[in-house]
Amino acid sequence: MAEHLELQQQPEPQAFELQKGDLRLKLTNWGATITSLQVPDANGNLADVVLGFDSLTPYMDGSSRYFGCIVGRVANRIKNGGFTLSGQHYSLPINNGPNTLHGGKIGFDKVVWKVEEQKDGENPSVKFSYHSHDGEQGFPGDLDVSATYTLSGNLELRLDMEAVPRNKPTPVSLAQHTYWNLAGHNSGDILNHSVQIWGSHVTPVDENLIPTGELLPIKGTAFDFTNEKIVGSTISEVPGGYDHNYVLDCGESMDGLKHAAKVRDHSSSRVLDLWTSAPGMQFYTGNFLDGIVGKEGAVYGKHAGLCLETQGFPNAVNQANFPSIIVSPGEVYGHTMD
């Protein structure tokens with residue numbers, strides 16, 4: 001009977017909507033996911049600028065390529081699906097070549113988060129929470145996670161993520177995995193978007209997309225986005241397309257956040273400015289999108305969207321010279337995007 005009651009108390013997948021002025025955000029507590037974001041262009045015309053689906057089913061049945069969700073306990077790749085912490089080796093599910101990607105086979109993107117509160121008013125918000133238990137997907141310790149989406153300022157979306165380990169040190173690195181297309185989710189590819197990234201180094205990767213451990217200067221290379229440039233102008237020089245972690249080391253700061261990236265769609269004059277507290281950002285150009293049918297029947301082909309995943313460095317748990325992602329009981333992991 002107790003088990004039956006516990007099952008009844010599990011949260012259900014739901015849809016939510018926040019609006020402030022011309023900014024309209026749709027979310028679901030399945031994976032704490034952004035499903036739609038309506039933004040005006042220079043003439044006030046609204047378009048949905050994130051890739052996704054019309055219903056919750058494709059998010060839940062495995063059709064989604066991490067569209068709009070929060071990934072964790074550890075975003076990005078962990079080499080050979082394992083790490084050693086405090087003298088103990090932990091084995092994780094392998095779900096990307098020989099590696100663990102985005103927290104394993106059932107990461108934070110594939111679970112229902114609890115709805116803590118939804119606020120209306122001047123700065124509407126919704127707060128989701130999730131309790132990750134000791135041993136979940138192989139990770140040590142109980143972990144309480146929260147994610148708060150807020151519409152604040154003028155056409156401004158803020159995400160505050162927190163994680164609190166309860167009883168064991170554990171790696172934590174959350175990331176928001178929205179695919180952006182500022183011309184509209186159904187407008188084709190993002191190769192004519194221009195991008196600027198406030199990072200002068202990348203963490204180069206091996207054949208399995210695991211960082212080698214070095215920090216590579218990018219000045220004058222195809223990876224150099226320190227000055228705004230068109231994505232399609234150099235993507236052919238990068239085998240497969242961009243899927244690399246940038247070291248956010250040369251941006252201005254504001255309210256404790258670093259300038260990470262600026263994206264511009266010249267056809268609509270929409271501009272996305274991203275600030276973050278994280279040390280790195282995965283710049284990904286939708287290289288593995290292969291004709292997924294999304295909202296309103298739109299077909300998302302290769303490069304239909306780009307991701308700006310602010311994060312800890314990939315495989316940091318196995319790379320001593322990378323910023324540590326280990327969080328111990330008594331400490332709080334915090335990660336803000338604005």
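A quick note: this is a predicted structure, and the numbers were derived from the prediction, not measured.
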Examine Lys110 relative to Phe108 and say whether NZ or CZ is less than 6.0 Å from the centre of the six-membered ring and inside a 45° cone about the ring axis. no
Between Leu159 and Tyr149, is the side chain to side chain contact (heavy atoms under 4.5 Å, CB included) condition met? List the steps. CA-CA 5 Å; Leu159 170 60; Tyr149 291 95; 3.8 Å; yes
Begin with the C-alpha distance, continue with both residues' side-chain angles, and end with the deciding distance and a verdict on side chain to side chain contact (heavy atoms under 4.5 Å, CB included) for Thr276 and Leu248. CA-CA 9 Å; Thr276 186; Leu248 300 176; 3.6 Å; yes
Would a 4.5 Å heavy-atom cut-off, applied to side chains only, mark [X] and [Y] as touching?
X	Y	value
Met60	Pro13	yes
Asn186	Glu296	yes
Arg73	Leu143	yes
Thr212	Val205	no
Asp255	Trp275	no
Leu25	Leu157	yes
Pro211	Phe313	no
Pro314	Gln282	yes

Does [atom1] in [X] sit with more than 12 non-hydrogen atoms of other residues, nucleotides or ligands closer than 6.0 Å?
X	atom1	value
Lys127	NZ	no
Asp206	CG	yes
Asn192	CG	no
Lys79	NZ	no
Leu46	CG	yes
Glu252	CD	yes

I'd like to know if the side chain of [X] reaches the main chain of [Y], judged simply by a donor and an acceptor atom lying under 3.5 Å from each other, with no hydrogens or angles considered.
X	Y	result
Lys20	Glu122	yes
Glu17	Leu27	no
Asn245	Met281	yes
Gln88	Leu85	no
Thr100	Pro93	yes
Asn80	Gly82	no

Output, in order, the C-alpha distance, side-chain angles, deciding distance and verdict of side chain to side chain donor-acceptor pair (under 3.5 Å) for Asp273 and His259. CA-CA 8 Å; Asp273 250 317; His259 209 167; 2.6 Å; yes
[Y] and [X] side chains, donor-acceptor separation under 3.5 Å:
X	Y	result
Arg158	Thr150	no
Asn76	Gln311	yes
Gln176	Thr178	yes
Ser36	Arg24	no
Asp265	Ser268	yes
Ser146	Glu162	no
Ser200	Asp249	yes
His133	Asp142	no
Lys114	Asn29	no
Tyr242	Thr234	yes

Ring centroid separation [X] to [Y] under 6.0 Å:
X	Y	value
Tyr179	Tyr66	no
Phe16	Phe128	yes
Phe67	Phe53	yes
His89	Phe83	no
His102	His177	yes

Derivation of the side chain to side chain contact (heavy atoms under 4.5 Å, CB included) call for His193 and Leu182: CA-CA 8 Å; His193 282 41; Leu182 299 188; 3.5 Å; yes
Pair Asn154, Glu156 - check side chain to side chain donor-acceptor pair (under 3.5 Å), show working. CA-CA 5 Å; Asn154 180 35; Glu156 184 177 339; over 6 Å; no
Salt bridge Asp48-Lys295, side-chain N to carboxylate O under 4.0 Å: yes
Taking Arg65 first and then Asp290, would you say they form a salt bridge - that is, a charged N and a carboxylate O separated by under 4.0 Å? yes
Check against side chain to side chain contact (heavy atoms under 4.5 Å, CB included), Val317 and Ile325: CA-CA 7 Å; Val317 72; Ile325 61 168; 4.3 Å; yes
Applying the side-chain contact (heavy atoms from CB on, under 4.5 Å) criterion to His244, which one of Tyr284, Phe283, Phe223 satisfies it? Phe223
With respect to Trp180, which candidate in Leu37, Leu274, Ile190 satisfies the side-chain contact (heavy atoms from CB on, under 4.5 Å) definition? Leu37
How far apart are the C-alpha atoms of Asn123 and Ser152, what are their side-chain angles, what is the distance that settles it, and do they pass the side chain to side chain donor-acceptor pair (under 3.5 Å) test? CA-CA 5 Å; Asn123 297 312; Ser152 59; 5.2 Å; no
Count I, L, V, M, F, W, Y as connected when their side-chain heavy atoms are under 4.5 Å apart, and connections chain through other members. Are [X] and [Y] then in the same cluster?
X	Y	value
Val327	Leu92	no
Leu101	Ile94	no
Val231	Trp198	no
Val111	Val74	no

In Å and rounded to the nearest 0.5 Å, what is the CG to CD1 distance from Asn315 to Ile210? 4.5 Å
Worked verdict on Asp160 versus Thr148 for side chain to side chain donor-acceptor pair (under 3.5 Å): CA-CA 5 Å; Asp160 292 290; Thr148 305; 5.9 Å; no
Take Asp144 and Arg166 through the salt bridge (Lys or Arg N to Asp or Glu O under 4.0 Å) test and state the conclusion after the steps. CA-CA 8 Å; Asp144 290 326; Arg166 291 303 177 193; 2.6 Å; yes
Check against salt bridge (Lys or Arg N to Asp or Glu O under 4.0 Å), Arg264 and Glu228: CA-CA 9 Å; Arg264 186 188 311 272; Glu228 190 174 321; 2.8 Å; yes
